Visitor: 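Before I ask anything, here is the structure I am working with.
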Amino acid sequence: MISEPGPRRGLPVRRLVQLYTGLTLYGVSMGLMLRAELGLEPWSVLNQGISRHTGLSIGTVTIVSGALILLLWIPLRQRPGLGTVSNVVILGLVMDATLAWVPELDSLGARIPLLAGAVLLNGAATGLYISADFGPGPRDGLMTGLHRRTGRPVRLVRTCIEVTVLAAGFALGGSVGVGTVVYALAIGPLAQFFLRRFAVRAPEKRSPVVARGEPSPERAILPE
């Protein structure tokens with residue numbers, strides 16, 4: 001990324017650190033939710049179901065599905081950014097690495113706090129990488145693209161996508177449980193809190209840095 005001449009010339013170091021820290025932590029949180037074995041968020045339910053039928057690791061399926069979702073951006077006239085491409089690659093790799101390092105847990109007393117920590121970590125990771133403003137992830141971009149093309153509220157579009165994805169994943173054998181419900185109820189408030197916490201503000205004291213003509217980071221993922 002090339003900035004205008006002046007004091008802001010060069011790479012936006014803080015935003016890059018936020019982007020890659022957020023994506024890494026997001027991948028870790030996905031792996032920890034799977035290890036908790038109490039239910040996954042909708043897209044991971046679908047990816048797990050596909051993984052069980054293909055023999056591919058869930059991380060590999062996450063990467064492939066992310067790349068395929070990007071193809072749906074073409075008719076929606078969505079443009080990927082650095083964060084979009086990084087999202088496709090990093091989440092799956094980190095998720096598989098987390099599953100390799102964290103053993104399976106038998107005790108419910110250990111799995112419950114693991115789930116809670118994973119959901120909290122996911123909210124913080126969402127705030128970090130979205131606030132970095134290098135482009136939405138493929139799934140968030142699909143949602144905002146459909147919102148623009150159809151004129152339907154973000155809340156309705158997101159709900160329809162996630163219900164469809166969840167149903168398909170459940171039919172394929174993906175894990176649905178209390179963790180799925182906890183995630184659905186908690187991720188909105190958590191993401192909103194951390195988006196404001198990690199917002200990058202321009203020197204002119206403007207609102208959080210947002211690409212021209214694009215919705216703000218909060219509106220990109222939070223219900224209206």
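What you see is a predicted model, and the numbers here were worked out from it, not measured in a lab. Nothing fancy with the numbering, it's 1 onward along the sequence.
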Visitor: Report the residues that fulfil side-chain contact (heavy atoms from CB on, under 4.5 Å) with Leu185, sequence neighbours left out, ordered by chain and then residue number.
Guide: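 Once residues adjacent in sequence are excluded, the partners of Leu185 under the side-chain contact (heavy atoms from CB on, under 4.5 Å) criterion are Val181.
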Visitor: Would you say the side-chain atoms of Thr84 pair up with the backbone N or O of Pro138, donor to acceptor, closer than 3.5 Å?
Guide: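 Absent.
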Visitor: Hey, what do you get for NE2 (His53) to CG (Leu172), rounding to the nearest 0.5 Å?
Guide: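 Going from NE2 on His53 over to CG on Leu172, the span is 5.0 Å.
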Visitor: Would you find a donor on one side and an acceptor on the other, under 3.5 Å apart, between the side chain of Ser86 and the backbone of Gly83?
Guide: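 No, because the side chain of Ser86 does not come within donor-acceptor range (under 3.5 Å) of the backbone of Gly83.
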Visitor: Can you name the residues that form a side chain to side chain donor-acceptor pair (under 3.5 Å) with Thr60, not counting sequence neighbours?
Guide: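 Partners of Thr60 by the side chain to side chain donor-acceptor pair (under 3.5 Å) criterion, ordered by chain and then number, come out as Ser57.
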Visitor: Check the hydrophobic clustering (I, L, V, M, F, W, Y; side-chain heavy atoms under 4.5 Å; chains of links allowed) and say if Val178 and Leu121 are grouped together.
Guide: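 Linked, Val178 and Leu121 end up in one cluster.
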Visitor: Counting C-beta onward and ignoring hydrogens, is there a side-chain heavy-atom pair between Trp43 and Ile69 closer than 4.5 Å?
Guide: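 Yes, at least one pair of side-chain atoms sits under 4.5 Å.
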Visitor: Flag yes if Leu115 and Val176 sit in one hydrophobic cluster, no otherwise; membership is Ile, Leu, Val, Met, Phe, Trp, Tyr, and two members link when side-chain heavy atoms are under 4.5 Å apart.
Guide: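 Result: yes, single cluster for both.
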Visitor: Can you list everything that forms a side chain to side chain donor-acceptor pair (under 3.5 Å) with Gln48? Sequence neighbours excluded, please.
Guide: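 For Gln48 there are no side chain to side chain donor-acceptor pair (under 3.5 Å) partners, ignoring immediate neighbours.
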Visitor: So, do Leu190 and Tyr183 sit near enough that their side-chain heavy atoms are less than 4.5 Å apart?
Guide: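 SC-SC contact between Leu190 and Tyr183 ruled out.
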Visitor: Can you name the side chain to side chain donor-acceptor pair (under 3.5 Å) partners of Gln18, sequence neighbours left out?
Guide: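 Only Arg14 meet the side chain to side chain donor-acceptor pair (under 3.5 Å) criterion with Gln18.
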Visitor: With sequence neighbours excluded, tell me which residues meet side-chain contact (heavy atoms from CB on, under 4.5 Å) with Leu72.
Guide: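 For Leu72 the side-chain contact (heavy atoms from CB on, under 4.5 Å) partners, ignoring immediate neighbours, are Leu142.
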Visitor: Applying salt bridge (Lys or Arg N to Asp or Glu O under 4.0 Å), can you list everything that pairs with Glu162, at least two apart in sequence or on another chain?
Guide: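 With neighbours one apart ignored, the set is Arg158.
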Visitor: Just to verify, what does Ser65 make a side chain to side chain donor-acceptor pair (under 3.5 Å) with, not counting sequence neighbours?
Guide: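 Side chain to side chain donor-acceptor pair (under 3.5 Å) check on Ser65 returns Asn47, Arg139.
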Visitor: Quick one: list whatever passes side-chain contact (heavy atoms from CB on, under 4.5 Å) with Ala184, sequence neighbours left out.
Guide: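 Applying side-chain contact (heavy atoms from CB on, under 4.5 Å) to Ala184 gives none.
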Visitor: Taking the side chain from Ser51 and the backbone from Leu56, do they hold a donor-acceptor pair closer than 3.5 Å?
Guide: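 Present.
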Visitor: For residues Met30 and Thr62, determine if any side-chain heavy atom of one lies less than 4.5 Å from a side-chain heavy atom of the other.
Guide: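 Met30 reaches Thr62 side chain to side chain.
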Visitor: Quick one: does any side-chain atom of Arg111 pair with a main-chain N or O of Leu38 as donor and acceptor, under 3.5 Å?
Guide: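 Pair absent, no side-chain N/O of Arg111 close to backbone of Leu38.
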Visitor: Under 4.5 Å between any side-chain heavy atoms of His147 and Met143, yes or no?
Guide: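 No. Closest side-chain heavy atoms not under 4.5 Å.
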Visitor: Say whether Leu128 and Val85 are linked into one hydrophobic cluster, either directly or through other cluster members, by side-chain heavy-atom distances under 4.5 angstrom.
Guide: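 Hydrophobic grouping puts Leu128 apart from Val85.
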Visitor: Does the side chain of Leu93 come within less than 4.5 Å of Ile63's, by heavy atoms?
Guide: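 Answer yes - side chains close enough.
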Visitor: Do Ile130 and Leu120 share a hydrophobic cluster (ILVMFWY, side-chain heavy atoms under 4.5 Å, transitive)?
Guide: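 Linked within one cluster.
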Visitor: List in chain and number order the residues that pass side-chain contact (heavy atoms from CB on, under 4.5 Å) with Val102, two or more places apart in sequence or in another chain; answer none if no residue qualifies.
Guide: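 Val102 satisfies side-chain contact (heavy atoms from CB on, under 4.5 Å) with Leu32, Arg35, Thr98 once adjacent residues are dropped.
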Visitor: Among residues at least two apart in sequence or on other chains, which ones pass ring pair (Phe, Tyr, Trp, His ring centres under 6.0 Å) with Phe198?
Guide: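 Partners of Phe198 under the ring pair (Phe, Tyr, Trp, His ring centres under 6.0 Å) test: Phe194.
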